[in-house]
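What follows is one structure encoded as structure tokens, with my remarks underneath.
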Amino acid sequence: MNTSPRQIILADADSFFASCERVFHPQLAHTPLVVLSNNDGCVVARSAEVKKMGIPEGIAWFKIREQAQRDGIVARSSNYELYASLSSRMMNVMSTFFPHQTVYSIDECFFDVQADTVTLVETSTRMREAVWQGLDLPISIGIAPTHTLAKVVSHWSKHYRGVRGIMTWDEAVSTDSHFLAHVPVGDVWGVGRRLAPKLMAMGILTAQDLRDSDAVLLRKKFGVHIQQTIFELRGISCIRIDDEDNALHGRRTTQIMCSRMFSHPIYSASELRQAVSVYTQKALHRLTAQESLCSYVSVFCSTSRFKEQELASHIHGTVALNEPTNDPLALTQAACRCIDGQFTVGAAYVRAGVILHGLIDEADYQPLDVFSAHTDTALSDVLETARQRFGDFRIGVGYGGIRGQGRMDQDTGAHWSMKREHLSARATTRWSEMATVHA
DNA sequence: TCTGGGGTCCTAGGACCC
DNA sequence: TCTGGGGTCCTAGGACCC
């Protein structure tokens, strides 16, 4: 019988998006590098060099563009196809070292194991080397009795100790028994931007303060999540991450959202409907992929939240479908109905989004003939056949099948379509964009 | 000129029913 | 005329995560 304590291992990649960009551009290895959000709007990932320069995450790109030029910072548009592909390879490599892997996000996973710390550190070291040698991706590892503590030590070793590598809870407390007193409460996993100032106003400034606070009182005040976090800080495991099945087999989500900022503002109702119709079909694409049907469609469109303007407008509407469906026409029409009559003439719309919710499994749905008799599936059958034959985003309703000059499949060529001026190659998923080696 | 995108869960409160 | 109490379901909004 294994009497070793249960331990949680957190493995996450360092500056994942930036590291991915370096995989196929090794000359950038020591160059300060940022990855930009969609539309090249703001900074979503920074290499270590950029972090050292004090450039915060989330800052608008236009605000630091000049500084970037001056300081030799290289920018890349985000290339999710590349990152997703490298992520899945990385997860596969790691899954061979420990059992019970849960992929938590694109760049991190947990393992739930029972073994002594020495063994875990030894295996983690080999895992780290394997990911580095096989994929050129640097990862950090935290080992602790709970998910929250594993996050704390991993975060701590990266951000404060400046050491990338492996850190265990045992090591942390043997070095300093008041270790948690050095961790600001806002850095604790589960304490976000809103909660942190409220806790601090109550005199709870550090992870240690939070651990020692009145869990029942805080639960009454802020809900059950904070109570779980307190227990986890005490070493009592109570947060369950998705089970393995979900992670391995691609789980079904309960809602699907597709939203974008436009590269240029939209002033006309017809263009707004075009955008909504394109986003609906992108969302539909994911709906079909997970074999679900959708019962409600919601749409929102808004003007900029950063600008003082006379004509601010926030459109929001929801339409219930007659029956759960994945029919492109029905969904596109419903989405356009959501915004009917709400368009403000003269307003500069900069963003729109479509949410499909009330999702059910296609296999579970037994339509009642009386209600579904009037649904004509001829057109959607044609669309689906064409999609299977020619691939995604080659045909669609309205603008949904048009391709512009951009390299990405989703580019519609419309003037509001996404801007990506610093896009790298999708070297692992497209033959035409494979890396060239000069020898 | 230019400020991302996609999820989850919990809770309070209203509607409705008996 | 007087008008209780308890349960369920749904939704909107708020918090969190990456």
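Within every chain, numbering begins at 1; the chains are lettered A, B, ... in the order of the sequence lines, protein sequences first and strands thereafter.
- To the nearest 0.5 Å, atoms CH2 (A:W61) and OG (A:S37) are separated by 11.5 Å.
- Residue order along DNA chain B, read from the 5' end via each residue's closest nucleotide, puts A:S304 first among A:S304 and A:F222.
- Nucleotide C:dG7 forms a Watson-Crick or G-U wobble pair with B:dC16, both donor-acceptor distances falling under 3.5 Å.
- A close approach under 4.0 Å does occur between a side-chain nitrogen or oxygen of A:Y296 and OP1 or OP2 of C:dT11.
- Look at A:W189 and you'll find a side-chain N or O under 4.0 angstrom from OP1 or OP2 of C:dC18.
- OP1 or OP2 of B:dG6 has at least one side-chain nitrogen or oxygen of A:S259 nearer than 4.0 Å.
- In this entry the distance linking CG of A:N79 with P of B:dG5 reads 16 Å, nearest Å.
- A:E21 and A:Y83 share a side-chain donor-acceptor pair at under 3.5 Å.
- For A:Q255, counting side-chain heavy atoms from C-beta on, the closest listed nucleotide (B:dC9, B:dT8, B:dG4) is B:dT8.
- Computed from coordinates, the A:H147 NE2 to C:dC16 C1' distance equals 16 Å when rounded to whole Å.
- Between A:K307 and B:dC2 there is a side-chain N or O to OP1 or OP2 distance below 4.0 Å.
- When the nucleotides B:dG7, C:dC16, B:dG4 are ranked by their closest atom to the side chain of A:R194, C:dC16 comes out on top.
- No contact: A:I59 has no heavy atom under 4.0 Å from any strand.
- In this structure, A:R219 does not reach the B:dC10 phosphate: none of its side-chain N or O atoms is under 4.0 Å from OP1 or OP2.
- Counting any heavy atom pair closer than 4.0 Å across all strands shown, A:N39 reaches no nucleic acid atom.
- A:R351 has a side-chain polar atom (N or O) that falls below the 4.0 Å cut-off from OP1 or OP2 of B:dG5.
- Of the side-chain N and O atoms in A:K419, none sit less than 4.0 angstrom from OP1 or OP2 of B:dT1.
- Distance A:L287 CG to B:dG7 P: 11 Å, rounded to the nearest Å.
- If you take NE2 of A:H357 and P of B:dG7, they are 13 Å apart, rounded to a whole angstrom.
- If you check every strand for non-hydrogen atoms under 4.0 Å, A:T254 touches sugar and phosphate atoms only.
- At B:dC2, none of the side-chain N or O atoms of A:R420 fall inside 4.0 Å of OP1 or OP2 (strictly under the cut-off).
- Across all strands shown, A:D107 has heavy atoms under 4.0 Å from sugar-phosphate atoms exclusively, and none from any base.
- The side chain of A:K151 contributes an N or O atom lying less than 4.0 Å from OP1 or OP2 of C:dC18.
- Rounded to whole angstrom, the span from the CD atom of A:Q227 across to the C1' atom of B:dC10 amounts to 13 Å.
- In this structure, the OH atom of A:Y104 is 11 Å from the C1' atom of B:dC9, given to the nearest Å.
- Between the CG atom of A:L331 and the CG atom of A:L321 there is a distance of 5.5 Å, given to the nearest 0.5 Å.
- In this structure, CG of A:L199 is placed 13 Å from C1' of C:dC16, rounded to the nearest angstrom.
- Where A:K63 and A:H225 meet DNA chain B, the nucleotide closest to each residue was compared, and A:K63 sits on the side nearer the 5' end.
- Here the nucleotide nearest the side chain of A:M261, chosen from B:dG4, B:dG7, C:dC17, is B:dG4.
- Interatomic distance, CZ of A:R128 versus OG of A:S124, reported as 10.0 Å (0.5 Å rounding).
- The CZ atom of A:R193 sits 10 Å away from the P atom of C:dA15 (whole-angstrom rounding).
- Residue A:V224 has its side chain nearest to B:dT11 when only B:dT11, B:dT3, B:dG5 are considered.
- Remark: the backbone N or O of A:F306 is paired with a side-chain donor or acceptor of A:S304 at under 3.5 angstrom.
- Counting any heavy atom pair closer than 4.0 Å across all strands shown, A:L195 reaches sugar-phosphate atoms only and no base atom.
- When distances run from any side-chain atom of A:T253 to the nucleotides B:dC10, B:dG7, B:dT3, the shortest one goes to B:dG7.
- Environment of CZ in A:R286: crowded, with over 12 heavy atoms of neighbouring residues, nucleotides or ligands closer than 6.0 Å.
- Nucleic acid contact for A:V350: none, since no nucleic acid atom lies under 4.0 Å from a heavy atom of the residue.
- In this structure, A:E108 reaches the sugar-phosphate backbone alone: every heavy-atom distance under 4.0 Å involves primed, P, OP1 or OP2 atoms, never a base.
- Summarising the geometry, atom NE2 belonging to A:H314 is positioned 12.5 Å from atom CD belonging to A:Q342; distances are rounded to the nearest 0.5 Å.
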